[in-house]
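Here is the structure we will look at, set down as C-alpha cells.
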Amino acid sequence: MTWFRREKQRLQLPESTHIRTEGLWIKCEGCRQIIWKKDLEANWNVCPKCEYHFRLDARERLRLLLDEGKYTEHDAGLETTNPLDFVDLKPYPDRVRSAQQATGLKDAVITAEGKMGERATLVCAMEYSFIGGSMGCVVGEKITRAIERAAAQRLPLVVVSASGGARMMEGTVSLMQMAKISASLARLDEAGLPFLSVLTDPTTGGVTASFAMLGDLNISEPGALIGFAGPRVIEQTIRQKLPAGFQRAEFLLQHGMLDAVVPRLELKAFLVRTLGFLMG
Amino acid sequence: MTFDPDKARKELEGIEREIDALGNNSSDRATEERIEQLSEQVRQLRADLATHPSAWYRVQLARHPQRPHTLDYVQHLFQDFTEIHGDRGFGDDPALVAGLARFHGQPVVVVGHQKGHDTQQKLRRNFGMPKPEGYRKALRVMKLGAKFHRPIISFVDTPGAYPGIDSEERGQAEAIARNLREMARLPAPIVVLITGEGGSGGALAIAVGDRILMLENAVYSVISPEGCASITWRDSAKAEQAAEALKITAYDLQSLGIIDQVIAEPLGGAHADPPKMAQLLDPILEKSLYELQQMPVPELLERRYQKFRLMGQCFRDGTG
C-alpha cells in the first residue's frame, strides 16, 4: 500500500551528459607525469614532456612514414590455417580470431606500397598487439612477398619490426619463416636494392635473429628493447639481475649492433635522407 | 589411449624373462604354444616401440647424455678430421666445432654443435649452446669450404643458442641472422643432419641446406617443450603435453614438409649403439652428397631457395 504515488515519469537524463573521464589521461612511463592522451597521440605516441617513446601501432606507423599517410596495402587477406592444430588453454584459431577482432588485421604485419619523400617505397609494419607481433607463416609469407616485390619492381624496402619472435603456436613452421625471409633478403642484396630495418620496441627472438638484423642499415628508436633472448630467459639462465639499460637501443648502439638510434619524429626524414644516399 | 614406451619396455622385458623361464623347462605342446604366443607379443611390442614412442620420450632420447654428438660421428664417419678454430673476431667457441675432413676419400667441410658426455665436457662445451663467435666460426669455415667447392655437412644438436649477457653484447641475433642469409646462397652442396635436439634459432643457424635429414628420435622445435608449457599452461610440468602439441618429431616434421628424410636408429636409440648409428647414416649421407654434386651450382641454389620459399604454405586468402 502506498501513500504517495509518483505522478510523472522519472526525469530521463540524456546519455550525452555523462562525462567519461577514464582513458583521457595517461601516465607517462618515462617521466611519471600525467599527459592528455590526445596530446600524446598528436605527437605520434612520444611523450611531449620527456620524449619517452610509447609503442605505435602498424597503421599509425605507416601514416607516420608515408607521404600524406597514403598507401596501398598488399596481401591484406592472408590468414593462417593452423598448421599444427595447436590447442593449449584455448584453440589457436580462437586466439587468432580475437586478435583479428581487436586489431582489424588478419595477422601481425601490414605490407604496403606508398611514397616516402616522393620515392615509391615498400614498407612493412608489424603489429605488436596481434599475438605479440609473432611471426607465423602469414607474416613470413607477406614479408617474403614484399621482398620479392621490391626486387621485381626495383624499389627500396623498409621493414618496421615489433615482435616477440617466432609464433609458438605454429611450431617449426614459424621457425622456417626465418630461413625463408633471410633467403629472399639474400636475393634482394644481390639485386643491389636497399633494405632499411627499423627495430622498434620490442623486437626479440626469431625476428631479431632473421630479417630485423639484416638491414643494410639497422635503425632503432630511443629506449626500444632489442635482443635475441628475452630478459626473463637470460635472468633465469644466469641467475643474476640484468644491468640497467641492458638490451635497450642505446646499449646495442654502444656495442656496435645498430647503425643509429633515431627519435620517432625524425625517423621519416632519416629514412628519406639515407635512401637518397643509397639510390640514384 | 596413448602409447607409453616406458611401460611397453617393462612389459617387453617381463615377457622375455617369461620366455626364458619357459624355454628352460619342459618342451611339451602347451608350453610351446605359450612361447609362440609370447613371441608374437614381443614382435608387436618391438614394432610399437620402433614406431610409436611419444614425443616426450623422443625428447628424452634426443637429450640422452650418451647420445652420439658431432665429434662421435666425425670419428665414425670421416677420416683425417682437422679441426679449425676461432671466428677471427672474438674467440673460439667449444660449443660449435668446425673442420675439414674426408668422407669416403672426398674432402668435405664439417660443422656441428658439440655437447659433451660427462659433466666436465658438458661445462667445457657449454652444453652445446653456442655464442655468437660459434656461429661466426661456422660461417667462416663453411665459406672456406664453398670457396674450394667442398660440400658441407652440418650436424645439428643444441638446446639453443646461449642466452646470456655476453651473447647479447656480441650480437647473438645478428650472428644467427647472417648465417641464415649466407647459407641460403653458399655455392656448395649443404647436407644438414639433425641428430639430437634442434633447439630453435640456435639450431636453424647451421641448418639451412639442400637436404635436411633427421634421426628418428631427434626433435626440432621453435621452443623447448618446457618453455612452451611454462608460457601456455604456466606450468613447466606440462612439458609432455607441450611436446605432443608442438609436433617436433621427425615423422611430424616430414609430414609438414620441413625435413626430407627420417633416418632409422638402432633399437633403443642412437646411444644404444653409436657405431651402428654411424653405419646406418653413412650410405644415406653418401647418396645425398652424390645427388647434390651432380647438380650445377645455379640449379642447386635455385632449388635451395624454392625449398625454403615453399615451407609452411599454411595460409589462405580470406578476402575471396
Side-chain angles (χ1 to χ4, degrees), chain A residues 75-84 86-89 106 136-138 140-141 144 166-168 170-180 182-187 189-190 204-206 208-214 226-230 233-234 237-238 242-243 246-247 251 255-257, chain B residues 160-165 167-185 198 200-205 207-208 220-223 227-229 231-233 238 241-242 245-248 252-253 256 258 304-305 308-320:
Chain A
D75 307 313
L78 291 196
E79 56 183 332
T80 178
T81 55
N82 190 15
L84 305 188
F86 193 88
V87 174
D88 49 88
L89 295 176
K106 294 278 189 197
C137 58
V138 173
E141 181 69 17
T144 306
R167 188 172 294 167
M168 186 177 68
E170 293 188 18
T172 317
V173 169
S174 65
L175 186 67
M176 291 306 127
Q177 304 307 307
M178 294 167 63
K180 172 165 135 186
S182 305
S184 61
L185 281 174
R187 295 201 155 183
D189 181 47
E190 265 147 41
T204 58
T208 322
S210 61
F211 59 90
M213 275 290 167
L214 291 175
I226 302 163
F228 173 65
V233 175
I234 299 174
T237 309
I238 63 174
L242 296 171
F246 179 66
Q247 290 185 318
F251 171 91
H255 285 89
M257 293 300 147
Chain B
Y162 184 66
I165 293 180
S167 292
E168 296 289 327
E169 283 175 343
R170 296 197 290 277
Q172 186 73 285
E174 194 274 343
I176 294 171
R178 179 182 297 270
N179 278 23
L180 301 182
R181 186 182 66 195
E182 298 309 318
M183 286 184 85
R185 60 178 170 190
S200 198
L204 183 64
V208 177
Y220 193 9
S221 179
V222 70
I223 186 169
C228 172
I231 292 172
T232 53
W233 288 280
K238 291 260 180 19
Q241 219 171 319
L246 285 167
K247 304 252 185 340
I248 58 180
D252 286 331
L253 295 171
L256 284 166
I258 288 168
R304 190 185 303 161
Y305 183 77
F308 285 90
R309 179 69 187 84
L310 296 174
M311 273 186 198
Q313 301 284 307
C314 315
F315 46 81
R316 58 168 173 259
D317 199 332
T319 46

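So that the names make sense, note that chain A is the first sequence line, chain B the second, and so on, each numbered from 1.
- Remark: the backbone N or O of Phe315(B) is not paired with any side-chain donor or acceptor of Thr80(A) at under 3.5 angstrom.
- At a 4.5 Å heavy-atom cutoff, the contact between Arg170(B) and chain A is made by backbone atoms alone.
- In this structure, the side chain to side chain contact (heavy atoms under 4.5 Å, CB included) partners of Ser200(B), at least two apart in sequence or on a different chain, are Leu175(A), Val222(B).
- Only the side chain of Phe251(A) comes within contact range of chain B, judged by heavy atoms closer than 4.5 Å.
- Note that CE of Met176(A) is 5.0 Å distant from CG of Leu204(B), once rounded to the nearest 0.5 Å.
- With a 4.5 angstrom heavy-atom cutoff, Ile165(B) touches chain A via backbone and side-chain atoms both.
- In plain terms, the two heavy atoms of Gly312(B) and Val173(A) that are nearest each other are CA-CG1, 3.7 Å.
- Contacts between Met168(A) and chain B at a heavy-atom distance below 4.5 Å involve backbone atoms as well as side-chain atoms.
- For the residue pair Val208(B) and Ala179(A), the shortest heavy atom distance occurs at CG2-CB, 4.1 Å.
- Heavy-atom neighbours of Arg178(B) CZ from other residues, nucleotides or ligands within 6.0 Å: at or below the threshold of 12.
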* Quick one: do Glu141(A) and Arg309(B) satisfy side chain to side chain contact (heavy atoms under 4.5 Å, CB included)? Show the steps, please. => CA-CA 8 Å; Glu141(A) 181 69 17; Arg309(B) 179 69 187 84; 2.9 Å; yes
* To do: I would like to know whether Lys247(B) and Thr172(A) meet side chain to side chain contact (heavy atoms under 4.5 Å, CB included); could you show each step before the answer?
  => CA-CA 8 Å; Lys247(B) 304 252 185 340; Thr172(A) 317; over 6 Å; no
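- Interface summary for chain B: among Leu214(A), Thr237(A), Leu242(A), Leu89(A), the most heavy-atom pairs under 4.5 angstrom belong to Leu214(A).
- If you measure heavy-atom distances from Thr208(A) to chain B, the contacts under 4.5 Å come from both the backbone and the side chain.
- Heavy atoms of Glu170(A) lying under 4.5 Å from chain B are absent altogether.
- Of all the listed residues (Gln177(A), Met213(A), Arg167(A)), the one sharing the greatest number of non-hydrogen pairs under 4.5 Å with chain B is Met213(A).
- Scanning all heavy atoms of the two residues, the minimum distance from Met257(A) to Glu174(B) falls at SD-CB, 4.3 Å.
- Contact tally against chain A (heavy-atom pairs below 4.5 Å) for Ser221(B), Ala207(B), Ala177(B), Ala184(B): the top residue is Ala177(B).
- With hydrogens and angles disregarded, no donor-acceptor distance shorter than 3.5 Å links the side chain of Lys180(A) to the backbone of Phe308(B).
- Looking at Glu168(B), its side chain never comes within 3.5 Å of a backbone N or O of Gln247(A) through a donor-acceptor pair.
- Ile238(A) touches chain B through its side chain: at least one heavy atom from C-beta onward sits under 4.5 Å away, while N, CA, C and O do not.
- Of the possible donor and acceptor atoms, one in the side chain of Thr81(A) sits under 3.5 Å from a partner among the backbone N and O of Cys314(B).
- Taking all atoms of both residues into account, the shortest heavy-atom contact from Ser182(A) to Arg181(B) is O-CG, 3.6 Å.
- Here the CG atom belonging to Leu84(A) is positioned 8.5 Å from the CG atom belonging to Asp252(B), to the nearest 0.5 angstrom.
- Across Ile176(B) and Ala209(A), no two heavy atoms sit closer than the pair CG2-O, 3.8 Å.
- The choice from Ala173(B), Gly201(B), Ala175(B) that makes the most heavy-atom pairs within less than 4.5 Å of chain A is Ala173(B).
- Residues Tyr305(B) and Ser184(A) approach most closely at OH-CB, 3.1 Å, considering heavy atoms.
- Both the backbone and the side chain of Leu246(B) come within less than 4.5 Å of a heavy atom of chain A.
- In this structure, chain A has no heavy atom under 4.5 Å from any part of Gln241(B).
- Contact annotation for Ala161(B): both backbone and side-chain heavy atoms come within less than 4.5 Å of a heavy atom of chain A.
- Using a 4.5 Å cut-off between heavy atoms, Arg185(B) contacts chain A through its side chain alone, with no backbone atom that close.
- In this view, Ala245(B) and Phe86(A) satisfy the side chain to side chain contact (heavy atoms under 4.5 Å, CB included) rule, not counting sequence neighbours.
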